[in-house]
Amino acid sequence: MSFPFITAQQAAECVKHGDNVGFSGFTAAGTPKCVAPAIAAKAKKEHEEGRPFKINVFTGASTNDFTDGELARANAVNFRTPYQSCKDTRAAINSHAIHYADAHLSQLAQTLRYGFFGKINVAIIEAADVNDKGEIVLGPGAGNVPTFAQMADKIIIELNEHIPASIHGLHDIYVPADPPCRREIPIYKPSDRIGSPVLKVDPAKIVGIVKTNDSDHVHGFAPIDETTMKIGDNVCRFLIGELHAGRIPKEFLPLQSGVGNIANAVLHGLESAKEIPAFDMYTEVIQDAVLDLMEKGKCRFGSTCSLTLSDETMQHFFDNIDFFRDKVLIRPGEISNNPEIIRRLGVISMNTALEADIFGNINSTHVVGTKMMNGIGGSGDFTRNAYISIFSCPSVTKEGKISNIVPMVSHLDHSEHSVSVVITDQGIADLRGKSPIQRAEAIIENCAHPAYRPLLRDYLKLAKGGHTPHTLHAAFAFHETFATTGNMQDTDFGKYC
């Protein structure tokens, strides 16, 4: 190999104040492990010596503590997009120490190529292998790295010996042409291959290789509890009902599932739902439960952007990679989340809400309307183009002091026009073909917790007139009451009459 081996500290010297830096990976999988901490250390040193040092961070989605955590704690980030899940980054975003642009995951690569964010100065890429021709075998997360590498002036490779060379062949790297030359993306079933198993870069851009040997440090999900189990059961009950009604073909359709404890419970529910046939997934993330479904024959194939597996399950995947080889394909985010393909394949989307309002609008991102949690992620990519779009959440949180079904969402990510079904531990509200009043009645009676149904009915009675009736001065009464007393159940709509 002709590329020089360098230290993480030497790699960090390639990154300058104000640089746009693209990091490989997607939801921790495939994220670099050692160069970002070295950049953070450089930032601290520069700050101590009175010099400014901040970079603009572009990723596929969330990263890990090695990247977002270290950089945020070093006050080394000026701008961040498109998605994050690190508590230190979140705190910096909410205090305005980091400028954050929340974005649909399918769109960042193309908006970068369109020039909307300027150039990429440095791309930092985790790899399982690289040869003299600049052919890179990526790790378990593709993200936006093909575009970062295409645009970057300099490329730093983190060669991670923890990833076995046998991962070669699991990737499908494809970058669509930009308008006006773009053609259709020829994926007609989730297992179709259209690109290359390796990322091909200009060898002249590679300034050095940093050796690493570390896992992605992904933790397992919390055990399924009664609430998440009920949500999972209700999702399966809905899907079975659609099958029986003939609204889902008997062959079934590809599924997309978000990440988290609720999504994990839904996937486990599918395992025991005998009336649901074996299915494919066209999704952005494959998590632990999907491998279990594959081994039991329930999931035939998974097209994804990343294998976001707990360290234990990732090792199981590596140890049994020959079994999974014909069942998994890892694609860049603009392909895994591409609206054209989602619509063509008839993907059924299943995502999680922070809160839903009685008319079917969804808040996925902001706690009490102001504090960013993680970001919209890929939920919009799938929701707006799905065959059926499903949003799930617990009916209440914080021991019942917060209702996740509210009169009006405090922040809007997905409007009523994109949401087909809302599901909680209480039940199912099918919103298709319903007027606003009918949607409100369905959500209150089927999805709201019994403790909050009378209050929500009171609001609906108060909100008179108009196609979508609201009383604007009372629309956020739940949120205002929580801010005052700490319990939404204390809301009194009588004072708004």
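As a basis for the values below, the full set of heavy atoms in this structure was taken, side chains included, without hydrogen atoms, waters or symmetry mates. We're numbering straight along the sequence, starting at 1. In this text, all values refer to a predicted model and were calculated from it rather than measured experimentally.
Judged by distance alone, the side chain of Thr67 and the main-chain N or O of Asn64 form no donor-acceptor pair under 3.5 Å. Between the Glu355 side chain and the Ser410 main chain, a donor and an acceptor come within less than 3.5 Å of each other. No donor-acceptor pair under 3.5 Å is formed between the side chain of Glu158 and the backbone N or O of Thr212. In this structure, the side chain of Lys33 engages the main chain of Thr31 through a donor-acceptor pair within 3.5 Å. Not a single donor-acceptor pair under 3.5 Å links the side chain of Gln287 to the backbone N or O of Leu307. With hydrogens and angles disregarded, no donor-acceptor distance shorter than 3.5 Å links the side chain of Ser418 to the backbone of Thr383. Looking at Glu126, its side chain never comes within 3.5 Å of a backbone N or O of Ser24 through a donor-acceptor pair. Side-chain N or O atoms of Asn121 include none that pairs as donor or acceptor with a backbone N or O of Asp153 at under 3.5 Å.
Distance OG/Ser62 to CZ/Arg90: 10.0 Å, rounded to 0.5 Å. Between atom NE2 of residue His414 and atom CZ of residue Arg384 there is a gap of 6.0 Å, rounded to the nearest 0.5 Å. For the atom pair CD of Glu416 and CD1 of Ile362, the computed distance is 11.0 Å after rounding to the nearest 0.5 Å. Rounded to the nearest 0.5 angstrom, Asp172 CG and Arg331 CZ are separated by 5.0 Å.
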(message) Assess the residue pair Ile185 and Tyr174 against the criterion (side chain to side chain contact (heavy atoms under 4.5 Å, CB included)); give the C-alpha distance rounded to whole Å, side-chain angles, the decisive distance to 0.1 Å, and a yes or no.
(response) CA-CA 9 Å; Ile185 298 173; Tyr174 177 93; 4.3 Å; yes
(message) Using the rule given for side chain to side chain contact (heavy atoms under 4.5 Å, CB included), can you reason through His171 versus Ile167, listing the C-alpha separation, both sets of side-chain angles and the distance that settles it, and then say yes or no?
(response) CA-CA 8 Å; His171 299 84; Ile167 200 172; 4.2 Å; yes
(message) Working note: Ser379 + Asn351, criterion side chain to side chain donor-acceptor pair (under 3.5 Å); need CA distance, chi angles, decisive distance, verdict.
(response) CA-CA 6 Å; Ser379 59; Asn351 289 288; 5.2 Å; no
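Residues satisfying the salt bridge (Lys or Arg N to Asp or Glu O under 4.0 Å) test with Arg113, not counting sequence neighbours, are Asp178, Glu334. Taking Arg51 as the reference, Glu46, Glu49 meet the side chain to side chain contact (heavy atoms under 4.5 Å, CB included) condition, with sequence neighbours excluded. For Ser310, the side chain to side chain contact (heavy atoms under 4.5 Å, CB included) partners two or more places apart in sequence, or in a different chain, are Asp288, Glu312, Thr313. Every side chain to side chain contact (heavy atoms under 4.5 Å, CB included) that His411 has, sequence neighbours left out, goes to Asn363, Thr365, His366, Asp413. In this view, Lys205 satisfies the salt bridge (Lys or Arg N to Asp or Glu O under 4.0 Å) rule with no residue, not counting sequence neighbours.
The side-chain heavy atoms of Phe3 and Leu159, taken from C-beta on, include no pair separated by under 4.5 Å. You'll find the side chain of Phe301 stays beyond 4.5 Å of the side chain of Pro254, heavy atoms only. Annotation: side chain of Met281 is not in contact with side chain of Thr304 (no heavy-atom distance under 4.5 Å).
Relative to the ring axis of Phe53, Lys42 does not place its NZ or CZ within 45° and under 6.0 Å from the centre.
Ring centroid separation for the pair Phe58 and Phe79 comes in under the 6.0 Å cut-off.
Among residues at least two apart or in separate chains, side-chain hydrogen bond (donor to acceptor under 3.5 Å, both in side chains) pairs with a member in residues 13-22 are Asn20-Asn56.
With respect to the salt-bridge test (charged N to carboxylate O, under 4.0 angstrom), the residues Arg432 and Glu242 qualify.
The aromatic rings of Phe359 and His470 stand perpendicular to each other, their planes meeting at an angle above 60°, with 30° marking the opposite boundary.
Closest approach of Asp65 to Cys86, counting heavy atoms only: OD1-SG, 4.4 Å.
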